[in-house]
Amino acid sequence: LDGRVQNSSLTSQGDISKIPLNDVARIEIVRGGDYRSSALAATINFITSSGENDDYVRSQAERGSFGLESYSLGMATGKKIFFDAKESFTRGDFKFIDPRDSLQTRQNNFSHDLNLFGGISFPLRSVNFDLKGRYFRRNAGVPGPIFQLTPWANSKGHEMELYSTLQRRLGRGYGLH
């Protein structure tokens with residue numbers, strides 16, 4: 001995200017559900033390994049916008065399978081300030097038909113995610129200074145295999161970061177990060 005590694009130090013896996021896709025300006029893919037980020041085949045960099053859009057307020061509501069619901073709200077004030085908030089959750093247990101054609105209930109299948117992202121941009125003569133922050137919280141059940149239920153297993157995650165970027169404009173269409 002903006003040139004910083006987002007992979008877990010325990011599993012080396014990245015979770016793009018934590019990235020605020022409403023604020024992604026572009027995606028860069030660099031082929032080949034990168035020693036700094038431990039990448040083997042490629043590095044994917046999500047570059048967030050710096051308040052480059054006009055003023056806006058947007059909201060979104062979604063419903064999906066297994067009781068999934070998601071709500072988001074975003075706003076920006078020209079080239080200065082932007083903010084996005086997203087909350088998604090599942091209602092929990094759901095019914096299904098197992099391979100023996102009997103009706104079962106999938107227990108402990110809840111999840112609740114909260115994702116906040118925002119920033120402020122300070123455009124100066126030849127440079128642009130951005131201060132951005134991100135907060136992510138997850139609380140989810142771990143249902144386990146269908147025939148080996150784990151009704152009390154739970155997974156929790158919490159991340160918070162504050163970072164800055166400085167971009168120097170070298171002329172029309174060129175920049176240096």
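FYI, side chains are in, hydrogens and waters are out, and symmetry mates aren't considered; it's all heavy atoms of this structure. All figures in this text were calculated on a predicted structure; none of them were measured in a lab.
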Student: Between CZ of Phe122 and OG of Ser164, what distance do you get to the nearest 0.5 Å?
Tutor: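 Phe122 atom CZ to Ser164 atom OG measures 10.5 Å (nearest 0.5 Å).
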Student: Are Phe129 and Leu162 linked, directly or through other ILVMFWY residues, by side chains that come within less than 4.5 angstrom of each other?
Tutor: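 As far as the 4.5 Å side-chain criterion goes, Leu162 and Phe129 are connected within one cluster.
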Student: From Ser70 OG over to Asn115 CG, what is the distance, rounded to the nearest 0.5 angstrom?
Tutor: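 Rounded to the nearest 0.5 Å, the OG-CG separation comes out at 10.0 Å.
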Student: List for me each residue that meets ring-ring contact (aromatic ring centres under 6.0 Å, His included) alongside Tyr135, sequence neighbours excluded, and say none if there are none.
Tutor: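 With neighbours one apart ignored, the set is His158.
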Student: Run the side-chain hydrogen bond (donor to acceptor under 3.5 Å, both in side chains) test against Ser155 and tell me which residues pass, sequence neighbours left out.
Tutor: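 Expected list: none.
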Student: Who passes side-chain contact (heavy atoms from CB on, under 4.5 Å) against Leu103, sequence neighbours left out?
Tutor: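 Lys95, Ile97.
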Student: Do Phe136 and Phe83 share a hydrophobic cluster (ILVMFWY, side-chain heavy atoms under 4.5 Å, transitive)?
Tutor: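 Phe136 and Phe83: separate clusters.
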Student: Hey, could you give me the OG/CD distance between Ser88 and Glu62, rounded to the nearest 0.5 Å?
Tutor: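 Rounded to the nearest 0.5 Å, the OG-CD separation comes out at 9.0 Å.
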Student: Are Leu116 and Leu131 linked, directly or through other ILVMFWY residues, by side chains that come within less than 4.5 angstrom of each other?
Tutor: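 The answer is no; the residues belong to distinct hydrophobic clusters.
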Student: Between Ser121 and Lys80, is any pair of side-chain heavy atoms under 4.5 Å apart?
Tutor: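 With C-beta onward as the side chain, the pair stays apart.
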Student: Pair Arg58, Asp84 - check salt bridge (charged side-chain N to carboxylate O under 4.0 Å, His left out), show working.
Tutor: CA-CA 9 Å; Arg58 68 172 163 242; Asp84 266 305; 3.2 Å; yes
Student: Heavy atoms, side chains only, cut-off 4.5 Å: are His112 and Arg138 in contact?
Tutor: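 Contact flag for His112/Arg138 side chains = no.
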Student: How would you list, by chain and number, every residue that makes a side-chain contact (heavy atoms from CB on, under 4.5 Å) with Ser59, sequence neighbours excluded?
Tutor: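 Applying side-chain contact (heavy atoms from CB on, under 4.5 Å) to Ser59 gives Leu73.
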Student: If you measure only the distance, is there a donor-acceptor pair under 3.5 Å linking the side chains of Asp55 and Thr77?
Tutor: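 No pair is found: no donor N or O on one side chain lies under 3.5 Å from an acceptor on the other.
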Student: Can you name the salt bridge (Lys or Arg N to Asp or Glu O under 4.0 Å) partners of Glu87, sequence neighbours left out?
Tutor: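 Counting only residues at least two positions away or on another chain, Glu87 forms no salt bridge (Lys or Arg N to Asp or Glu O under 4.0 Å).
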Student: To the nearest 0.5 Å, tell me how far Lys132 NZ sits from Glu161 CD.
Tutor: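 If I round to the nearest 0.5 Å, the distance is 11.0 Å.
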Student: For Leu166 and Val127, work out which heavy atoms get closest and say how close.
Tutor: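 Shortest heavy-atom separation between Leu166 and Val127 comes out as CD1-CB, 4.1 Å.
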Student: Are Asp130 and Ile120 close enough that some pair of their side-chain heavy atoms sits under 4.5 Å apart?
Tutor: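 Answer no - side chains too far apart.
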Student: Apply the hydrophobic cluster definition, ILVMFWY joined by side-chain contacts under 4.5 Å directly or through others, and give me every member besides Tyr71.
Tutor: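 Hydrophobic cluster check, Tyr71: joined to Phe89.
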